[in-house]
Protein chains: 2
Amino acid sequence: MRVALSKSENELLKSIYRQGRDNGRVHTGVLADLLGVAPGTITAVVKRLAERNLLDHNPYRGVELTQAGRRAAVAVMRRHRIVERFLSDMLGYAWNEADRLAGSFEHHLPQEVEDRLYVALDRPASCPHGFPIPPPDVAEIPEMPPLYSLEPGDVATIAVPGSTDASVVEFLGAMGLRPSVRVEVKEKHPFDGPLVLEVDGHMRTVSEKVARQIFVKTEELFEERI
Amino acid sequence: MRVALSKSENELLKSIYRQGRDNGRVHTGVLADLLGVAPGTITAVVKRLAERNLLDHNPYRGVELTQAGRRAAVAVMRRHRIVERFLSDMLGYAWNEADRLAGSFEHHLPQEVEDRLYVALDRPASCPHGFPIPPPDVAEIPEMPPLYSLEPGDVATIAVPGSTDASVVEFLGAMGLRPSVRVEVKEKHPFDGPLVLEVDGHMRTVSEKVARQIFVKTEELFEERI
DNA sequence: ATCTCCTTTTTGATGGCTCAAAACCAGGGT
DNA sequence: ACCCTGGTTTTGAGCCATCAAAAAGGAGAT
């Protein structure tokens, strides 16, 4: 890993990491859609990355991150989340605005500045969306299950992805369902029915569809971390 | 000015602005040296910039900024200085370290973030080196004369360029000659002799050579600004 | 008026990023 | 087994940044 990766290389690693959590192998077409770029472009970037042993490329059959690739991908996510924190904590952006802007300049930030930023922000444990900021140099970020996977009695802290559409974000806001908020599942209606939660003393109902777009850090994971 | 300028275009504008303050016309060779790049590279960038009417190019005879080019160059300097302030005020970098780092990512910062940063920093009037941060959209930054151009009795605030070499910076520090410090000229020895200053209650002597590397904002300019 | 020297511009080359369109293959249907 | 189709890779092209080396121009010297 002699020289720094370019912006598109970094973005590609991130996308592969996210897509490949369970699937393992990721197809270039998926990546092209995800990054909004022509299919040929992905192949070109993939080739350079495979050259550097950051991923395995099985022509016509998909790509998979190597250990080094996973580490690089996680580093990209770490940086992204630190920059988001900077945008929200220091510049006053709302949590749902930070995502968009961070992507536009995070790749050019020197490592040194990222490190100082992390310290200046007081070593935050999570980004404004509620996702954890991993330690440097790890190859995995703890998986966060969807809110809908919880059962009555479970308690968890929620995270809301930056990709959530604006109307949903507004709806969640009205119910106090903001990142890093603690919730307890009270009821889960059968047959993909809605979830009833206690949020900040209030009872709230969310549909299955919405509860699959929200992710959670459960108590056990929470404790481990302390 | 439809689309954003690239990094090298921005750097080139800045260099031409600085070189061309008095000379007017600047030769490409000078710019190649300044930016540490092959002469042909400068010609290529100059061509694109001339296309956009940011500068006049007289082949084999040098370039000159247009009005729009001056405005763009000043915007680049404004951004650079704001980022320097961020590095020093928010991340704790020493004033003489900020310069180097700022250059590495300032060009990728969205305008929007620059604006927010400026506000979050409390609309600073100058960069950590003591040079003024111009208002948006102007085509000139007030010229700062060298310290050596002052006469006994003159009072001024000093600015120290980022290009000053480390040993000189250390020497200046030992005498309390830091950016934005107020000095009064007490004596000026003839025949390019040294300058005697009062700095923070102490009498200090600096050679002509050093006094030409430091720049000043005189009282009159200072008052105007308030 | 010419010539020479120094500077500037042009000309290939490379590498990153991207696209559209052509060529290519893998796997499913027959 | 064979072929078709849809997704994947290649190819050809353009733009930016950069270099080394070749070509061209200017300006002063003869």
Side-chain angles (χ1 to χ4, degrees), chain A residues 1-16 19-20 23-65 69 72 76 103-108, chain B residues 1-16 19-20 23-65 69 72 76 103-108:
Chain A
M1 211 209 286
R2 300 183 325 295
V3 86
L5 298 167
S6 73
K7 172 167 171 149
S8 23
E9 290 164 342
N10 278 316
E11 284 302 315
L12 188 57
L13 287 174
K14 210 201 288 183
S15 294
I16 297 174
Q19 283 301 305
N23 333 26
R25 200 161 260 124
V26 184
H27 285 267
T28 58
V30 179
L31 297 167
D33 287 349
L34 233 47
L35 299 180
V37 97
T41 305
I42 298 294
T43 310
V45 181
V46 157
K47 252 184 171 169
R48 289 201 304 274
L49 250 21
E51 204 87 343
R52 292 192 183 218
N53 297 310
L54 293 173
L55 44 82
D56 270 343
H57 182 205
N58 257 35
Y60 292 102
R61 232 170 274 150
V63 298
E64 195 169 0
L65 291 173
V76 175
S104 63
F105 68 96
E106 56 182 17
H107 305 295
H108 305 282
Chain B
M1 207 210 289
R2 298 183 326 293
V3 85
L5 298 167
S6 71
K7 171 167 171 150
S8 23
E9 290 165 342
N10 277 318
E11 283 302 315
L12 187 58
L13 286 174
K14 209 200 291 183
S15 293
I16 298 173
Q19 282 301 306
N23 335 21
R25 198 161 262 123
V26 185
H27 285 267
T28 57
V30 179
L31 297 167
D33 287 349
L34 231 47
L35 298 180
V37 101
T41 304
I42 297 294
T43 308
V45 181
V46 157
K47 253 186 173 167
R48 289 202 305 272
L49 251 21
E51 203 87 339
R52 293 197 183 213
N53 297 310
L54 293 174
L55 44 81
D56 271 344
H57 183 205
N58 257 36
Y60 292 103
R61 229 169 274 148
V63 298
E64 196 168 0
L65 291 172
V76 174
S104 62
F105 68 96
E106 57 183 14
H107 304 296
H108 305 282

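Convention: sequence-line order gives letters A, B, ...; per-chain numbering from 1. Keep in mind the model is a prediction, meaning the values are calculated, not measured.
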Could you tell me which residues satisfy ring-ring contact (aromatic ring centres under 6.0 Å, His included) with B/His57, sequence neighbours excluded, listed by chain and number? none
Starting at [atom1] of [X] and ending at [atom2] of [N], how long is that distance when rounded to a whole Å?
{"X": "A/Ile42", "N": "C/dT18", "atom1": "CD1", "atom2": "P", "result": "8 Å"}
{"X": "A/Leu5", "N": "C/dG15", "atom1": "CG", "atom2": "C1'", "result": "15 Å"}
{"X": "B/Arg52", "N": "D/dC16", "atom1": "CZ", "atom2": "P", "result": "8 Å"}
{"X": "A/Asp33", "N": "D/dG6", "atom1": "CG", "atom2": "P", "result": "16 Å"}
{"X": "B/His107", "N": "D/dC16", "atom1": "NE2", "atom2": "C1'", "result": "15 Å"}
{"X": "A/Arg25", "N": "D/dG7", "atom1": "CZ", "atom2": "P", "result": "18 Å"}
{"X": "B/Leu12", "N": "D/dC16", "atom1": "CG", "atom2": "C1'", "result": "14 Å"}

Could you check whether any side-chain heavy atom of A/Leu54 comes within less than 4.5 Å of a side-chain heavy atom of A/Glu9, counting everything from C-beta outward? no
Is there a side-chain contact between A/Leu5 and A/Arg52 in this structure, where contact means two heavy atoms from C-beta onward sitting under 4.5 Å apart? yes
What nucleic acid atoms does B/Thr41 come within less than 4.0 Å of, heavy atoms only: base, sugar-phosphate, or nothing? base
Across the strands shown, which category fits B/Val45 at heavy-atom distances under 4.0 angstrom: base, sugar-phosphate, nothing? nothing
What distance do [X] atom [atom1] and [Y] atom [atom2] have between them, rounded to the nearest 0.5 Å?
{"X": "A/Arg25", "Y": "A/Asp56", "atom1": "CZ", "atom2": "CG", "answer": "8.0 Å"}
{"X": "B/His108", "Y": "A/His107", "atom1": "NE2", "atom2": "NE2", "answer": "11.0 Å"}
{"X": "A/Leu13", "Y": "A/Glu11", "atom1": "CG", "atom2": "CD", "answer": "9.5 Å"}

Distances for protein N/O vs nucleotides 4-8 of chain C N/O pairs under 3.5 angstrom?
unit_1, atom_1, unit_2, atom_2, d
C/dT8, OP1, B/His27, ND1, 3.2
C/dT8, OP2, B/Gly29, N, 3.1
C/dT8, O3', B/Tyr60, N, 3.4

Assign each of A/Glu9 and A/Gly40 to its nearest nucleotide of DNA chain C by heavy atoms, then name whichever residue's nucleotide is nearer the 5' end. A/Glu9
Answer yes or no: does a side-chain N or O of A/Lys7 lie under 4.0 Å from OP1 or OP2 of C/dG16? no
Donor-acceptor pairs under 3.5 angstrom involving side-chain atoms of residues 27-38 of chain A: please list them, not counting sequence neighbours.
none

